[in-house]
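Chain naming here is simple, since letters A, B, ... match the order of the sequence lines and numbering starts at 1 in each. Just so you know, these numbers use all the heavy atoms, side chains as well, and skip hydrogens, waters and symmetry mates.
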Protein chains: 2
Amino acid sequence: MSTDICALCPVREHALCSCLSDEERVVLAGFCQRRRFTAGETVMWAGDESRICANLQSGVLKVVAATTDGREQIVSLVYPADFVGEPYATETAFTVTALSDAELCTFPRLLFERFLEEHARIENLLLQRTFKALNEARARMLTLARLSAGEKVASLLLEMAAQAGRCRCQLGLSEPVTFDLPMTRGHMADVLGMTIETVSRQLTKLKSAEVIVLSGARTVTIVDGNALKGRTMAA
Amino acid sequence: MSTDICALCPVREHALCSCLSDEERVVLAGFCQRRRFTAGETVMWAGDESRICANLQSGVLKVVAATTDGREQIVSLVYPADFVGEPYATETAFTVTALSDAELCTFPRLLFERFLEEHARIENLLLQRTFKALNEARARMLTLARLSAGEKVASLLLEMAAQAGRCRCQLGLSEPVTFDLPMTRGHMADVLGMTIETVSRQLTKLKSAEVIVLSGARTVTIVDGNALKGRTMAA
DNA sequence: CCAGATCCTTGTTTCAGATCAAGGCGGCCT
DNA sequence: AGGCCGCCTTGATCTGAAACAAGGATCTGG
């Protein structure tokens, strides 16, 4: 009997594989490979052959679309327990890079696809998650195309606060919430389709309006969540 | 023995159900309902209960995200043979509206979900298509956030030409291609995240540069496909 | 064939955000 | 400590696209 590689997995309860029985999980674990990436390292390059899929165990990744002349847009942020990769694609469409140090549980794409086909429950769960990702991408299209700089930054702050609060469990807009931004101003700009300078100015504006407090560049306290929400005009 | 409702289906070979055996298809047809919508009519409203999924048989639909104060963004165009709807969601996230008169083959969501679970092949195909839709959404995020007005219009023209050429089969950028725009300037603006006026000006600019010819507002000839491609700086 | 409603084009003005430019922190290494 | 480097802020200027405005073209139904 082999040791159970999943026993210590930090996202065991939340990743795709949480829907599997112990027996099924052992089969999947049979061809997984854990890999670590340091901040800034790239997990897969757009245009390369699509060889792996993975569950993120820790850290944060960015999925980036780029023009030929070098303009970039972060099209998705990948958090622990999220799935990343492109099953059924021969070629990787977007570059995936670690924003912080990260640990991934990777699977060879073809073996993973076969596993999906033989295990309906996990395939179904992946389908649901993919629909969810699609809805998120579409919601962000509205943000990118139609919100003002101020609205964009307010939205992202609320989103990051929600993400930070996922582990702890925070309620709401009424009480102040403090958390650390998981990314630089530059990355925020890349997510929101704007420049570093504009992001910085909008944060300063929120600070002046006493909606947030910045304690050092990376630590934010949302003082008035309702006011912040009010600066978000997206549905 | 019942008559075969699918026999005359114009997208029989291309819709999701093309992967089914005749027997399976009959089961699915057993709970499908054909519905027609006239141009401008809404198929489903954001926020409503998610009750149906559908295959589009003819016409074009738009999927729209909107802010509370009325700004709108078209997040997807649905063409014949495409799937539309949100399985596994209790609530519809985006409004879907007919851009032209359209015919849909609709299924009650819960029955469709059960059918998916019992027919792995179609579920797998839906998964693949959803990944494809996700990639398209992400590619469009780059367009929305980082391309100039001119680049956006050039990209959309090429995309629409490709879509128009799907039925016929056109090769390339070298020879002139003529087709009818499937939407108004206003809809193009809603897709690209810009205003009607700017779309119009960019088309005029392409016309002046003799890259395209406009014969009436809706008929376009791409005279110099390579030049048009050159004005697209996206990957 | 006319009246009204869309839809489209073009001109002018305005403005939000990009770009250019110049420091100011703060962490990290030697 | 000191110096370097990456990140952040702030200011000044510029510019592309929005907003505003005014017709012209095309379609529709009576």
Side-chain angles (χ1 to χ4, degrees), chain A residues 38-40 62 67 69-73 97 99-101 143-157 180-209 212-220 231 233, chain B residues 38-40 62 67 69-73 97 99-101 143-157 180-209 212-220 231 233:
Chain A
T38 57
K62 64 174 178 178
T67 58
D69 64 347
R71 283 169 283 175
E72 288 194 358
Q73 176 63 37
T97 303
L99 234 41
S100 63
D101 290 353
T143 297
L144 288 173
R146 301 296 186 185
L147 297 203
S148 68
E151 292 168 332
K152 285 178 178 179
V153 169
S155 307
L156 184 59
L157 277 178
D180 272 15
L181 298 177
M183 61 185 100
T184 65
R185 301 286 185 276
H187 289 133
M188 291 176 66
D190 284 350
V191 169
L192 297 175
M194 34 200 269
T195 60
I196 290 183
E197 294 94 322
T198 304
V199 171
S200 180
R201 276 185 247 274
Q202 293 301 328
L203 286 172
T204 303
K205 197 175 286 184
L206 289 172
K207 189 170 75 169
S208 310
I212 63 172
V213 172
L214 292 170
S215 337
R218 292 299 256 289
T219 306
V220 186
R231 285 163 188 255
M233 278 290 87
Chain B
T38 57
K62 63 175 178 178
T67 58
D69 64 346
R71 284 169 282 175
E72 287 194 357
Q73 177 61 38
T97 303
L99 235 40
S100 64
D101 290 352
T143 298
L144 289 172
R146 302 296 185 185
L147 298 202
S148 68
E151 292 168 332
K152 285 178 178 181
V153 169
S155 308
L156 184 59
L157 277 178
D180 272 16
L181 298 177
M183 61 185 98
T184 65
R185 300 288 184 275
H187 288 134
M188 291 176 67
D190 284 349
V191 169
L192 297 175
M194 32 199 270
T195 58
I196 290 182
E197 294 94 320
T198 304
V199 171
S200 181
R201 274 185 249 273
Q202 294 300 329
L203 287 172
T204 304
K205 197 174 288 184
L206 289 172
K207 190 170 73 171
S208 310
I212 62 172
V213 171
L214 292 169
S215 337
R218 291 300 256 288
T219 306
V220 185
R231 286 164 186 255
M233 277 290 88

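- Nearest heavy-atom pair across B:Gln202 and B:Gly150 is OE1-CA, 3.2 Å.
- Residues A:Arg218 and A:Pro182 share a closest heavy-atom pair of NH2-C, 4.4 Å.
- With values rounded to the nearest 0.5 angstrom, A:Leu144 atom CG is found 10.5 Å from B:Thr143 atom OG1.
- If you take NZ of A:Lys205 and C1' of D:dT10, they are 13 Å apart, rounded to a whole angstrom.
- A donor-acceptor pair under 3.5 Å is formed between the side chain of B:Arg185 and the backbone N or O of B:Ala217.
- Across all strands, B:Ile196 comes closer than 4.0 Å to base atoms (heavy-atom distances).
- The distance from atom CG of B:Leu99 to atom C1' of C:dT6 is 15 Å, rounded to the nearest whole Å.
- Distance from the side chain of B:Leu214 is smallest for C:dT9 among the nucleotides D:dT10, C:dT9, D:dC8.
- Taken to the nearest 0.5 Å, the OG1 atom of B:Thr198 stands 10.5 Å off from the CG atom of B:Leu192.
- Looking at A:Arg146, its side chain never comes within 3.5 Å of a backbone N or O of B:Arg71 through a donor-acceptor pair.
- Close to D:dT10, at under 4.0 Å from its OP1 or OP2, lies a side-chain N or O of A:Thr204.
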Dump the pairs, protein N or O against N or O of nucleotides 25-30 of chain D, anything under 3.5 Å, distances to one decimal.
none

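- The separation between A:Arg218 atom CZ and C:dG27 atom C1' is 12 Å, rounded to whole Å.
- Taking atom CD of residue A:Gln73 and atom P of nucleotide C:dA18, one finds them 12 Å apart after rounding to whole Å.
- Remark: the backbone N or O of A:Asp190 is paired with a side-chain donor or acceptor of A:Gln73 at under 3.5 angstrom.
- One atom, CE of A:Met183, and another, P of D:dG6, lie 21 Å apart when rounded to the nearest Å.
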Just the table, please: protein N/O against nucleotides 17-21 of chain D N/O, every pair under 3.5 Å.
from, atom 1, to, atom 2, distance (Å)
D:dA17, OP1, B:Ala149, N, 2.8
D:dA18, OP2, B:Thr195, OG1, 3.0
D:dA18, OP2, B:Thr198, OG1, 2.4
D:dA19, N6, B:Arg201, NH2, 3.0
D:dC20, N4, B:Glu197, OE2, 3.1

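- Rounded to an integer number of Å, the gap from A:Arg185 CZ to C:dG26 C1' is 14 Å.
- The CG-C1' distance, from B:Leu203 to C:dT10, rounds to 14 Å in whole Å.
- Proximity of a side-chain donor or acceptor of A:Asp101 to a complementary backbone N or O of A:Ala39 within less than 3.5 Å is detected.
- When atom types are taken as modelled, the side chain of A:Arg201 and the backbone of A:Ile196 share no donor-acceptor pair closer than 3.5 angstrom.
- Distance CG (B:Leu206) to P (C:dC8): 16 Å, rounded to an integer number of Å.
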